[in-house]
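Step one of this worksheet: look at the structure below.
In what follows, chains are A, B, ... by sequence order, proteins preceding strands, each numbered from 1. Computed over heavy atoms, backbone and side chain alike; hydrogens, waters and symmetry mates excluded.
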Amino acid sequence: MLAGAKLLELYNRLYSAYGPQHWWPAETAFEIMVGAVLTQNTAWSNVEKAIAGLRAADLLSPHGIATAPLTSLEGAIRPSGYYRQKARRLQGVVRAVYGSASDLQEYLAGPTPEVREKLLSLRGIGPETADSILLYAASAHPTFVVDAYTQRLVARYPLPVPQGPGDAYDRTKGYFEAQLEPDLELYRELHALIVRLGATHCRARPLCGTCPLRRGCAQKV
DNA sequence: ACCCAGGTGTTTC
DNA sequence: GAAACACATGGG
């Protein structure tokens, strides 16, 4: 079988069902980074409220977030949950980025593994947030994003992701990147489609009767 | 009144 | 190292 055939079939089935997803849902690279932090373990609808709160408080800018009093940040992003944690971490991330680079694109320039490590060293940026920022806020980092939906998918749908040992995130990410050419648009779209699938069908109460993957999906886990 | 959501960091066996 | 826990709001 051709390398990546199973994942390309997955992509085709999802794309046929849902079409292009236009991700990331944000206007600017900066907003993508902000949203990536705010959406951690949080429904996107709540992140939208938080982004709107930042905009309403005139804080949706590097300078605004870097210099705002924490209490103001907390109040603005409250709907996104974990608001005390996220306010501190978001401010720390923005200060780190714009303290060492003149803009986000400059901060994200360089070899993908090195920039990824740089992001991971920041408090509040773990593997998924780092990969989301790399993939969607920059244009030169075809790195695959693994989220809870992706992990759930590989547990139900027959994909030969290597078993342990090692970190589950890295194993899944490594599998996708080994099977697929490093294509920015493909990675962006496939991740977005997996989220669309998960948000529609793979929550606590699966709707497997209309799931585009019902043929071949284990329906368990 | 539950359960869950596009995780991360810390603490504990 | 895996596993358990804290972090918190809003919608089903």
Nucleotide [N], atom [atom2] - distance to [atom1] of [X] in whole Å:
{"X": "Leu120(A)", "N": "dT8(B)", "atom1": "CG", "atom2": "P", "value": "9 Å"}
{"X": "Asp131(A)", "N": "dG7(B)", "atom1": "CG", "atom2": "P", "value": "13 Å"}
{"X": "Arg171(A)", "N": "dG1(C)", "atom1": "CZ", "atom2": "C1'", "value": "13 Å"}
{"X": "Leu122(A)", "N": "dG7(B)", "atom1": "CG", "atom2": "P", "value": "19 Å"}

Nearest-nucleotide wise, let me know which of Tyr136(A) and Arg89(A) is further upstream toward the 5' end of DNA chain B. Tyr136(A)
Mind listing the N/O atom pairs, protein and nucleotides 11-13 of chain B, below 3.5 Å?
none

Would you classify [X] as touching base, sugar-phosphate or nothing, given that sugar-phosphate means primed atoms plus P, OP1 and OP2, and contacts are heavy atoms under 4.0 Å?
{"X": "Pro165(A)", "result": "nothing"}
{"X": "Thr150(A)", "result": "nothing"}
{"X": "Ile125(A)", "result": "sugar-phosphate"}

Read 5' to 3' with Watson-Crick or G-U pairs under 3.5 Å, [ ] for crossing pairs and | for partners on another strand, DNA chain B gives .||||.|||||||
Residue of the set Ile51(A), Asn46(A), Val47(A) for which side-chain contact (heavy atoms from CB on, under 4.5 Å) holds with Lys49(A): Asn46(A)
It should be established whether Arg123(A) places a side-chain nitrogen or oxygen under 4.0 Å from OP1 or OP2 of nucleotide dT10(B).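 Affirmative; the distance criterion is met.
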Gap separating the CG atom of Leu14(A) from the CD atom of Glu9(A), nearest 0.5 angstrom: 10.0 Å
With sequence neighbours left out, which residue pairs that include part of residues 115-129 of chain A fulfil the side chain to side chain donor-acceptor pair (under 3.5 Å) condition?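 Residue pairs passing side chain to side chain donor-acceptor pair (under 3.5 Å), neighbours aside: Gln40(A)-Thr129(A), Arg116(A)-Asp131(A).
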Which residues satisfy the ring-ring contact (aromatic ring centres under 6.0 Å, His included) test with Phe30(A), sequence neighbours excluded?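 If we apply the ring-ring contact (aromatic ring centres under 6.0 Å, His included) test to Phe30(A), skipping adjacent residues, there are no hits.
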Integer angstrom distance from the P of dC3(B) to that of dA6(C):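 Here dC3(B) and dA6(C) have their P atoms 16 Å from each other.
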Going by the rule side chain to side chain contact (heavy atoms under 4.5 Å, CB included), which residues pair with Thr172(A) if we only count those two or more places apart in sequence or in a different chain? Val146(A), Thr150(A), Gln151(A), Val154(A), Val161(A), Phe176(A)
Is it true that, when you exclude Asp58(A) itself, more than 12 heavy atoms of the residues, nucleotides or ligands shown sit nearer than 6.0 Å to its CG?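 Counting neighbours around CG of Asp58(A), 12 or fewer heavy atoms of other residues, nucleotides or ligands fall under 6.0 Å, so no.
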Using every non-hydrogen atom in the two residues, find where Gly216(A) and Pro158(A) come nearest and quote the distance to one decimal.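 Scanning both residues completely, I find the closest heavy atoms to be O-CD, 2.9 Å.
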Could you list the protein-to-nucleotides 8-11 of chain C atom pairs, N/O on both sides, closer than 3.5 Å?
{"from": "dA8(C)", "atom 1": "OP1", "to": "Tyr82(A)", "atom 2": "O", "distance (Å)": "3.2"}
{"from": "dA8(C)", "atom 1": "OP1", "to": "Tyr83(A)", "atom 2": "N", "distance (Å)": "3.4"}
{"from": "dA8(C)", "atom 1": "OP1", "to": "Arg84(A)", "atom 2": "N", "distance (Å)": "2.8"}
{"from": "dA8(C)", "atom 1": "OP1", "to": "Gln85(A)", "atom 2": "N", "distance (Å)": "2.8"}
{"from": "dA8(C)", "atom 1": "OP2", "to": "Arg84(A)", "atom 2": "NE", "distance (Å)": "3.3"}
{"from": "dA8(C)", "atom 1": "O4'", "to": "Tyr82(A)", "atom 2": "N", "distance (Å)": "2.8"}
{"from": "dA8(C)", "atom 1": "N6", "to": "Tyr82(A)", "atom 2": "OH", "distance (Å)": "2.4"}
{"from": "dA8(C)", "atom 1": "N1", "to": "Tyr82(A)", "atom 2": "OH", "distance (Å)": "3.2"}
{"from": "dT9(C)", "atom 1": "OP1", "to": "Arg78(A)", "atom 2": "NH2", "distance (Å)": "3.2"}
{"from": "dT9(C)", "atom 1": "O2", "to": "Asn46(A)", "atom 2": "ND2", "distance (Å)": "3.1"}
{"from": "dG10(C)", "atom 1": "O4'", "to": "Asn46(A)", "atom 2": "OD1", "distance (Å)": "3.1"}
{"from": "dG10(C)", "atom 1": "O4'", "to": "Asn46(A)", "atom 2": "ND2", "distance (Å)": "3.0"}
{"from": "dG11(C)", "atom 1": "OP1", "to": "Lys49(A)", "atom 2": "NZ", "distance (Å)": "3.3"}

